[in-house]
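Just so we're on the same page: letters track the sequence lines, and every chain starts at 1.
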Amino acid sequence: QQQVKQSPQSLIVQKGGISIINCAYENTAFDYFPWYQQFPGKGPALLIAIRPDVSEKKEGRFTISFNKSAKQFSLHIMDSQPGDSATYFCAATDISGNTPLVFGKGTRLSVIA
Amino acid sequence: DTAVSQTPKYLVTQMGNDKSIKCEQNLGHDTMYWYKQDSKKFLKIMFSYNNKELIINETVPNRFSPKSPDKAHLNLHINSLELGDSAVYFCASSQDPGLAYTDTQYFGPGTRLTVL
């Protein structure tokens, strides 16, 4: 059973465009939603995270939008750059610590000039 | 000054062999993890250790045995390797045991295991 569904599997965006990756979760106990970025040959690294007490969190060009009622959250990358080309993973867990991080299947983003 | 390091980076071996992957973190974290990333990039937790004690053991065959000699090290030993064990294995660590899964996890560079 896949607890976090991520789409699209791959994404090609023009330089300067907006990249949007979507995730949906099933477990209503989830209350912490991080995004990890992974470059080829490297381990994932935390990019940005959100708790459900806010509907949006922005850090530089990266924004998480969160819709608690729909159990969905998304990552928006504004002014996408070739250096943003990587695989992005959404994840979810509960802060009580009962559930380890559950990752989505990843989105391979390619930003082309 | 690498935060989380793993050795070896690549491991090629025959079916049936036993192998180990080592992980060390110099971040002073109390919690360490092993993840498996398959060929489709799916990332799944295998084990979690807090201060040398096992706290999570997801549905992993008992051929996989983690060993934590101290809180800075978490090694992964795999017995009787099978073709399906081929994957990239990531070690990770985080600081706060009470909030282990919400605390930022720092991943190592990965070990690509290929079983022939």
Side-chain angles (χ1 to χ4, degrees), chain A residues 1-11 21 23 25 27 29-54 57 59 64 85-110, chain B residues 2-10 21 23-25 27 29-50 53-60 87-112:
Chain A
Q1 180 186 8
Q2 187 183 349
Q3 296 195 58
V4 179
K5 295 184 180 178
Q6 183 172 348
S7 63
Q9 189 173 358
S10 62
L11 181 61
I21 304 170
C23 284
Y25 63 98
N27 188 342
F30 287 159
D31 53 10
Y32 176 71
F33 305 91
W35 284 87
Y36 279 78
Q37 178 188 53
Q38 184 180 24
F39 292 105
K42 304 290 186 184
L46 180 68
L47 183 65
I48 187 172
I50 196 168
R51 298 267 174 93
D53 52 340
V54 295
K57 183 173 182 181
E59 290 184 3
I64 301 178
S85 297
T87 299
Y88 292 81
F89 294 92
C90 62
T93 186
D94 62 273
I95 63 172
S96 68
N98 291 329
T99 310
L101 269 180
V102 178
F103 284 87
K105 291 194 171 185
T107 296
R108 179 172 287 187
L109 171 66
S110 297
Chain B
T2 306
V4 182
S5 60
Q6 295 178 230
T7 55
K9 188 167 177 62
Y10 300 97
I21 306 172
C23 177
E24 176 180 2
Q25 54 95 3
L27 297 167
H29 290 168
D30 285 330
T31 306
M32 296 184 72
Y33 314 79
W34 277 108
Y35 285 87
K36 179 180 180 181
Q37 186 171 49
D38 62 24
S39 58
K40 295 186 188 300
K41 293 285 196 178
F42 186 50
L43 198 61
K44 189 171 176 8
I45 192 167
M46 301 173 68
F47 300 102
S48 171
Y49 263 73
N50 173 239
E53 289 190 21
L54 180 67
I55 56 174
I56 282 286
N57 181 354
E58 293 295 303
T59 50
V60 176
V88 180
Y89 292 84
F90 287 99
C91 176
S93 73
S94 65
Q95 183 168 12
D96 190 339
L99 298 171
Y101 302 115
T102 58
D103 199 19
T104 301
Q105 293 190 22
Y106 294 83
F107 284 77
T111 295
R112 182 175 294 276

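Across B/Y35 and A/L101, no two heavy atoms sit closer than the pair OH-CB, 4.1 Å. Looking at every heavy atom in both residues, A/Q38 comes nearest to B/F90 through NE2-CZ, 3.2 Å.
Heavy-atom neighbours of B/Y106 OH from other residues, nucleotides or ligands within 6.0 Å: at or below the threshold of 12. Taking a 6.0 Å sphere around CD of B/E53, one finds it holds 12 or fewer heavy atoms contributed by other residues, nucleotides or ligands.
Between atom CD of residue A/Q9 and atom NZ of residue B/K40 there is a gap of 8.0 Å, rounded to the nearest 0.5 Å. The OG1 atom of A/T93 sits 12.0 Å away from the CG atom of B/D103 when rounded to the nearest 0.5 Å.
Proximity to chain B is limited to the side chain of A/Y36, based on heavy atoms less than 4.5 angstrom apart.
Legend: residues meeting salt bridge (charged side-chain N to carboxylate O under 4.0 Å, His left out) with A/K42, ordered by chain and number and at least two apart, are absent.
Proximity of A/F103 to B/Q37: side-chain heavy atoms (C-beta onward) are nowhere separated by under 4.5 Å.
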